[in-house]
Amino acid sequence: MEFATVGDVLRRNAAAHPDKTAFVFGETRVSFAGHLDRAEQVARAIAAAGVALQDRVAVMSRNTRAFMEVYAGAELSGYIVATVNFRLAAPEVQRIVSIARPRILFYEAAFEPVVETLVGSGVQLFVAIGGEPAAWAVSYEDFVATADPAQPLASPDIDDILHLIFTSGSTGTPKGVMRSHRTELAVCNYFATEIEMQPEDRLLLMMPVFHVGHRFMQLGGHFRAAEIHVQADFNPRAILDTIERERITITHLAPTMVKALLDVPGVDARDFGSLKSIVYSGAPMPVPHLEHGMRVFGDVFLQLYGMSEGSATTLHRHEHRIRTAQDRQRLASVGRASRGVALRIADRADRAVPIGAVGEVQLRAPTIMKGYWNDSEATVAALHGGWYHTGDMGRLDEDGYLYLVDRAKDMIISGGENIYSREVETAIASHPMVEDVAVIGFPDAYWGEIVLAIVVARDPAPSAETVIAHCRSQIASYKKPRSVVFATDLPRLASGKVDKVALRRAFGRTADAAASSGGSPAPA
Ligand code: AMP
């Protein structure tokens, strides 16, 4: 069947498998017919509130049923869902809202203090998910009840935008990745095929659904009419219990989460016989963790490398084997270009480099975004010449396996979350006692990388705690430095840019010592 919109997948599922379970949220099971019915109500209520085709609706929520319904309403009726990472600080959320200009903001009651700062910012309606709504908001259920069954729904075009996924971007300015019905239909096919999803599969998804990882897994699952179990939090023991109890066949984890599951006492005595695939992505997975995981969970690992802008490579389950030295070496790769993806390694002038040489990973694929919302400069920089410029540096081997070696974009990945150095630097530099600052990432056994700030202080100098507390007031807690060191000046390149290679060399040991003395920091 040819689908013209992502909403057609929902309609097909409701027609072909009305009673089959689409979603499981704790004790609540929702059938495909039930999900379509609710999605239509939500879409009608949103239309009745004056939201037209391609107007934006923002969501700041954990993985709630309401979030999935708002997504599904957009699939059916053509408004755009702009996602807001619920861990962001008020100034960051304000920037996203000023770019996306949503008419409605759906928010989970726990985030009310941040959302309150948006009252008067042009958002016309605030809808509270769960809990008592504030005086300036309405409750989600009251809002859905305003739907008029006679309200006609608009029909989106295949090239209309379905979501704006906000990423921070190396400039520190949020960028809304435009994902259209066409790109998301390509994602449906890509995820269902690469992961070999089947209608009998039971997926367990707990990464935040404002990230593409969870969202794309969901699209693939729906495409195969599989059952999707959603959890809002990452509780390692609860995840293991759910896998055993619900006979989960596919799950998706960041490498840090795999490590956390392996650390649960008694993990190797459990029954993971139902598991077919553990999909991991988002950050490099240390090979020893992977080997440990394969001993405990079996030959179930499948790696994806990609980004909010599109999909790139797969290291399939059968490529996760350790028979030869070459097999082991390949575990450190991100696999080969996935089906339908053209991948090349290019130099600064966008010329393809020879096999084995390091350059930027560039992609051409049907899953690649349309561009960045209202940001033609960033769009041209990312997509010029018909290739998506990932900002990741890598090399290919003779057999087409891709090894990521560095990032051209100044980005730190901590626990699977991307942190752009620039936004942490901007936050710290706004403190009056700070003269200059540079932020770098350092390897950490648990988090993958941690944030280290090197600060040149004014007189009087701030304490490390003051710097961290100030940073926390400006940006999300998980982006704050785990460690602050003070220096008299920062090394610079001839171009005037801070020489981060020199900083990494100079401060590596300091960061390691700080991380090991404090142990693994708690999730922010
Ligand atoms: P995001 O847009 O938040 O999904 O982040 C995408 C970035 O995460 C990529 O450009 C890579 O730098 C990194 N990334 C994603 N998947 C992997 C992976 N499997 N291995 C290493 N890095 C990854």
Side-chain angles (χ1 to χ4, degrees), residues 83-85 87-88 163-170 174-179 183 187 190-191 194-195 207-217 252-259 277-287 289-290 293 301-316 319-320 330-338 341 343 345 358-363 365 367-369 372 378 382 387-395 401-421 423 441 443 447-449 476 478-479:
T83 61
V84 182
N85 178 341
R87 292 156 92 196
L88 297 184
H163 338 104
L164 296 181
I165 307 281
F166 276 90
T167 66
S168 307
S170 46
K175 289 187 290 192
V177 176
M178 293 192 286
R179 309 227 36 108
T183 62
V187 164
Y190 175 96
F191 271 69
E194 289 302 298
I195 302 168
M207 309 244 296
V209 72
F210 62 76
H211 276 320
V212 286
H214 179 158
R215 177 66 180 149
F216 286 180
M217 288 290 294
H252 175 235
L253 301 160
T256 300
M257 294 170 153
V258 174
K259 172 90 175 71
S277 297
I278 296 181
V279 181
Y280 64 98
S281 65
M285 169 86 106
V287 173
H289 291 177
L290 189 52
F301 284 90
L302 182 150
Q303 179 180 199
L304 294 177
Y305 154 60
M307 52 287 303
S308 307
E309 288 84 349
S311 302
T313 64
T314 313
L315 187 68
H316 288 280
E319 291 164 313
H320 284 76
R330 289 216 168 122
L331 290 183
S333 80
V334 291
R336 290 189 278 196
S338 317
V341 175
L343 184 153
I345 305 293
V358 172
E360 186 186 40
V361 180
Q362 299 187 352
L363 304 168
T367 59
I368 297 292
M369 64 162 182
Y372 298 109
W387 291 87
Y388 169 59
H389 296 60
T390 63
D392 290 319
M393 304 298 283
R395 66 179 166 78
Y401 286 86
L402 174 66
Y403 294 80
L404 296 179
V405 297
D406 198 1
R407 288 172 219 127
K409 47 192 177 192
D410 195 358
M411 187 178 88
I412 299 157
I413 309 184
S414 197
E417 286 284 0
N418 296 352
I419 302 167
Y420 285 90
S421 305
E423 51 179 340
W447 292 104
E449 289 179 296
Y478 68 87
K479 299 176 183 173

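Computed from a predicted structure; not experimentally measured. First listed ligand is number 1; within each ligand, the first listed atom is number 1. Throughout, numbering of the chain's residues begins at 1 and tracks the sequence.
- Assignment of Ile413 to the shell around ligand 1 is supported, since a heavy atom sits closer than 4.0 Å.
- In plain terms, the two heavy atoms of Val361 and Thr390 that are nearest each other are O-OG1, 2.6 Å.
- Here the closest non-hydrogen pair linking Ile165 and Thr83 is CA-OG1, 3.7 Å.
- In this structure the side chain of Trp387 never reaches within 4.5 angstrom of the side chain of Glu360, judged on heavy atoms.
- Checked against the 6.0 Å centroid criterion, the rings of His252 and Phe191 do not qualify as a close aromatic pair.
- Of all atoms in ligand 1, listed by their number and element, those nearer than 4.0 Å to a heavy atom of Val334 are 20 (N).
- The protein atom (non-hydrogen) at minimum distance from atom 8 (O) of ligand 1 is Gly282 O, 3.5 Å.
- Taking any N or O of Gln303, backbone or side chain, at least one lies under 3.5 Å from an N or O belonging to ligand 1.
- Salt bridge absent: Glu319 and Arg330 never bring a charged side-chain N and a carboxylate O closer than 4.0 Å.
- Close contacts between ligand 1 and Asp392 involve ligand atoms 9 (C), 10 (O), 11 (C), 12 (O) [criterion: under 4.0 Å to a heavy atom].
- Ligand 1 has no nitrogen or oxygen under 3.5 angstrom from a nitrogen or oxygen of Met411.
- Residue-ligand proximity: Leu304 is placed with a non-hydrogen atom under 4.0 Å from ligand 1.
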Verify ring pair (Phe, Tyr, Trp, His ring centres under 6.0 Å) between Tyr280 and His289, making sure each step is shown before the conclusion. CA-CA 12 Å; Tyr280 64 98; His289 291 177; over 10 Å; no
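- Inclusion of Thr167 in the set of residues having an N or O under 3.5 Å from an N or O of ligand 1 is not warranted.
- Closest to atom 1 (P) of ligand 1, if we only count protein heavy atoms, is Asn418 ND2, 3.4 Å.
- The two residues Tyr190 and Ser338 make their nearest non-hydrogen contact at OH-OG, 2.6 Å.
- Heavy-atom contacts of Tyr305 reach the following atoms of ligand 1: 11 (C), 15 (C), 16 (N), 17 (C), 19 (N), 23 (C) (cutoff under 4.0 Å).
- Geometrically, ligand 1 and Ser281 share no nitrogen or oxygen pair separated by less than 3.5 Å.
- Less than 4.0 angstrom separates some heavy atom of Leu404 from each of these atoms of ligand 1: 21 (C), 22 (N).
- Using modelled atom types, no side-chain atom of Glu309 and backbone atom of Met369 make a donor-acceptor pair closer than 3.5 Å.
- The nearest protein atom to atom 6 (C) of ligand 1, hydrogens excluded, is given as Met307 CB, 3.3 Å; this is a heavy-atom distance.
- At a threshold of 4.5 Å between non-hydrogen side-chain atoms, the residues Thr313 and Leu343 count as touching.
- Considering only non-hydrogen protein atoms, atom 15 (C) of ligand 1 sits nearest to Gly306 O, 3.2 Å.
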